[in-house]
Amino acid sequence: MFMNRLTMTFTALTLVTSLAACGKKKEGDGGGGGGGDEAKAPTMTINEAEWEAKDLHAVAPLINVTMKVPKTAKLEKNGNGGVDITVSPFYLITVSAIAVSNIAEGKKSDKSLTVERTDKYINTKVLTEEPNGFVYTVQMKTEENGNTYQPEAHFAYYLDKDGAIYSIADERPLDAYSTPGSAYSPEIATKVYGIVKGSAKVN
């Protein structure tokens, strides 16, 4: 579920901050999206012609969803019974069956953990708002030790059929916690959201 993914992300960010405070931070490390101008963000190109429809049920029985994924993506079942789609070393899409009554409830929950979570984030903004999903930006607050973070954009999209609710969301993989936030650009989030929106369906 999204809450579990976000908790793991916060844990990773906390670890990075602790390492930095102990003087173990690698030179050029983005510090979970921070690190200032010296942290160079990786990039990737989103080309829908290089994506193909995949039945995710074949990967995880709980996920009765078919959607386009990159032909080179790695698909695997995660610990929550969902599907992790590794698009690149720093970019992950997770498809989950979520325990909510409807899409509106799922969106409300995810917004409470992202754009509405003012204790963790600043400069939050919803870039695209639709009944079945949204694209947004957030920026982690500056740490007490001065470690700063760059803004980053993400999306969440939802499917509903016969009471089964699925969420499709992009995120930072745990082993990419030092990737600068600028790697997660509004352009990438918007393009991937568009592909997901246009191709995802419940089987």
What residues form a side-chain contact (heavy atoms from CB on, under 4.5 Å) with [X], not counting sequence neighbours?
X    : value
E76  : K74, D84
L127 : K125, V135, T137, P186
D175 : P173

Looking at every non-hydrogen atom in both residues, tell me the closest pair between I165 and N102 and how far apart they are. CD1-CA, 3.9 Å
Please give me the minimum heavy-atom distance between L113 and Y121, naming the atom from each residue. O-CE1, 3.6 Å
Report all side-chain donor-acceptor pairs from residues 86-93 shorter than 3.5 Å, counting only partners two or more places apart or in another chain.
from: S88; atom 1: OG; to: F90; atom 2: N; distance (Å): 3.3
from: S88; atom 1: OG; to: Y91; atom 2: N; distance (Å): 3.3
from: Y91; atom 1: OH; to: D170; atom 2: OD2; distance (Å): 2.9

Any side-chain heavy atom of T128 within less than 4.5 Å of one from F155? no
Just wondering, do T114 and H154 contact through their side chains at under 4.5 Å, heavy atoms? no
Does V126 belong to the same Ile/Leu/Val/Met/Phe/Trp/Tyr cluster as I122, with side-chain heavy atoms less than 4.5 Å apart forming each link? no
Could you tell me which residues satisfy side chain to side chain donor-acceptor pair (under 3.5 Å) with K107, sequence neighbours excluded, listed by chain and number? E129
List the atom pairs, donor and acceptor, that lie under 3.5 Å between side-chain atoms in residues 194-203 and the rest of the protein, sequence neighbours left out.
from: K197; atom 1: NZ; to: E130; atom 2: OE1; distance (Å): 3.2
from: K197; atom 1: NZ; to: E130; atom 2: OE2; distance (Å): 2.7
from: S199; atom 1: OG; to: K68; atom 2: N; distance (Å): 3.1
from: S199; atom 1: OG; to: I195; atom 2: O; distance (Å): 2.8
from: N203; atom 1: OD1; to: T66; atom 2: N; distance (Å): 3.4
from: N203; atom 1: OD1; to: T66; atom 2: OG1; distance (Å): 2.6
from: N203; atom 1: ND2; to: D55; atom 2: OD1; distance (Å): 2.9

Is there a donor in the side chain of N147 and an acceptor in the side chain of Y149, or the other way round, less than 3.5 Å apart? yes
Name the one of N123, T148, T124 that satisfies side chain to side chain donor-acceptor pair (under 3.5 Å) with Q139? N123
Got a second to check how far E187's CD is from T45's OG1, nearest 0.5 Å? 9.0 Å
